[in-house]
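Structure, as structure tokens:
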There are 2 protein chains.
Amino acid sequence: MDKIDSKLLRLLQQDASRTNPELAAEVGLSPSSCLRRIRRLHEAGVIDRIVAILNPAKAGRTMKAIITVELERHGEQYIRRFLDMATREPAVIQAYSVSGETDAILMLRLKDMDELDALTERLFREETNVARYYTAFVIRTGKETTEIPVG
Amino acid sequence: MDKIDSKLLRLLQQDASRTNPELAAEVGLSPSSCLRRIRRLHEAGVIDRIVAILNPAKAGRTMKAIITVELERHGEQYIRRFLDMATREPAVIQAYSVSGETDAILMLRLKDMDELDALTERLFREETNVARYYTAFVIRTGKETTEIPVG
DNA sequence: CTTGAAAAAAAGTGCCC
DNA sequence: GGGCACTTTTTTTCAAG
């Protein structure tokens with residue numbers, strides 16, 4: 001993982017549709033060595049996958065909400081159970097268990113309020129062990145990147 | 001945006017490294033029509049971009065934290081100023097202004113505690129108009145996808 | 001053992017129906 | 001939407017530092 005690998009990762013995180021010769025020129029390598037490096041990064045698992053990022057508005061998912069959850073019983077198995085349940089919801093795009101007073105945080109991509117209503121009904125029923133939950137709606141997105149700083 | 005477009009978007013969100021002939025076979029179309037659809041989705045802006053997703057651990061960014069922020073003065077211009085400042089931090093991968101008691105929520109990707117320390121020092125100094133902030137560390141990631149439900 | 005170059009295979013592109 | 005010629009890119013192989 002030298003300087004060139006870092007630069008490749010940075011470039012690929014910004015735009016993975018670039019062709020190999022383009023990338024090679026940008027990092028100052030021959031296309032063949034460049035390709036070898038990229039393949040190595042893939043095989044090492046540093047590059048996990050290549051995906052298409054959609055425009056949420058144009059894909060009909062305008063609403064974004066963040067829900068912080070506090071469970072009734074905080075044991076590891078209860079948190080795991082709740083996370084598993086949340087994970088099964090397509091509208092849940094991120095689900096974490098966290099330290100502190102809050103047990104879990106969910107990030108949601110929603111079509112409308114009805115979808116949120118149905119989802120909260122499923123996740124926060126009596127039997128689900130949820131003590132409290134707080135829903136914050138995203139008003140403005142200052143930044144939203146998949147890019148991890150490297151190097 | 002018919003059934004086939006939705007399926008294409010779903011496939012591309014999961015793995016955009018697939019070749020056009022492969023995609024065409026999966027949705028039951030000829031390669032040329034398939035390519036036409038994908039290009040149309042690009043031009044319409046439904047597909048925003050193609051990116052590489054890294055494995056955070058293997059890229060040396062193991063720590064993840066979520067910070068909820070409450071500002072002293074809640075006016076639109078103050079929130080905007082804070083978001084702009086947070087956005088400039090490379091470790092901040094998501095920054096939102098939200099409804100409710102909390103004014104902003106930040107998602108961080110960190111290398112270590114020192115990096116968090118330096119960042120909080122910059123963002124939550126006296127002059128930054130922050131009344132309170134609460135840092136939650138991610139213990140377990142139940143789900144983390146860039147995939148938006150379509151169709 | 002790593003790098004660059006060239007040939008072969010495959011994919012992407014544009015135009016026709 | 002499908003088919004076909006044309007171009008570009010990717011991938012393999014091979015030679016050189």
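Just so we're on the same page: letters track the sequence lines, and every chain starts at 1.
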Charged N to carboxylate O under 4.0 angstrom, A:Glu147 versus A:Arg10? no
Taking DNA chain D as the partner, which of residues 7-21 of chain B come within under 4.0 angstrom of it by heavy atom? none
Whole-Å gap separating C1' (D:dT10) and NE2 (A:His42): 14 Å
Distance under 4.0 Å to a non-hydrogen atom of chain A counts as contact; along DNA chain C, which nucleotides mark the start and end? C:dT3 to C:dA5
Under 4.0 Å between a side-chain nitrogen and a carboxylate oxygen: does that hold for B:Lys64 and B:Glu144? yes
Note: A:Glu101-A:Arg132 ion pair, threshold 4.0 Å (strictly below): no
Any ion pair linking B:Asp2 and B:Lys7 (charged N to carboxylate O, less than 4.0 Å)? no
Quick test: give all pairs of protein nitrogen or oxygen and nucleotides 12-17 of chain D nitrogen or oxygen below 3.5 Å, distance rounded to 0.1 Å.
unit_1: D:dT12; atom_1: OP2; unit_2: A:Arg39; atom_2: NH1; d: 3.3

Does B:Ile66 reach the side chain of B:Leu106, with side-chain heavy atoms less than 4.5 Å apart? no
Are the side chain of B:Arg61 and the backbone of A:Pro149 linked by a donor-acceptor contact shorter than 3.5 Å? yes
A:Ile139 to B:Ser99 - nearest heavy-atom pair and separation: CD1-N, 3.6 Å
Here's a test for you: under side-chain contact (heavy atoms from CB on, under 4.5 Å), which of A:Met85, A:Glu72, A:Arg81 qualifies with A:Thr128? A:Met85
With the threshold set at 4.0 Å, does a side-chain nitrogen-carboxylate oxygen contact exist between B:Asp15 and A:Arg49? no
Ignoring hydrogens and geometry, is there a side-chain-to-backbone donor-acceptor pair from A:Asp103 to A:Leu71 under 3.5 Å? yes
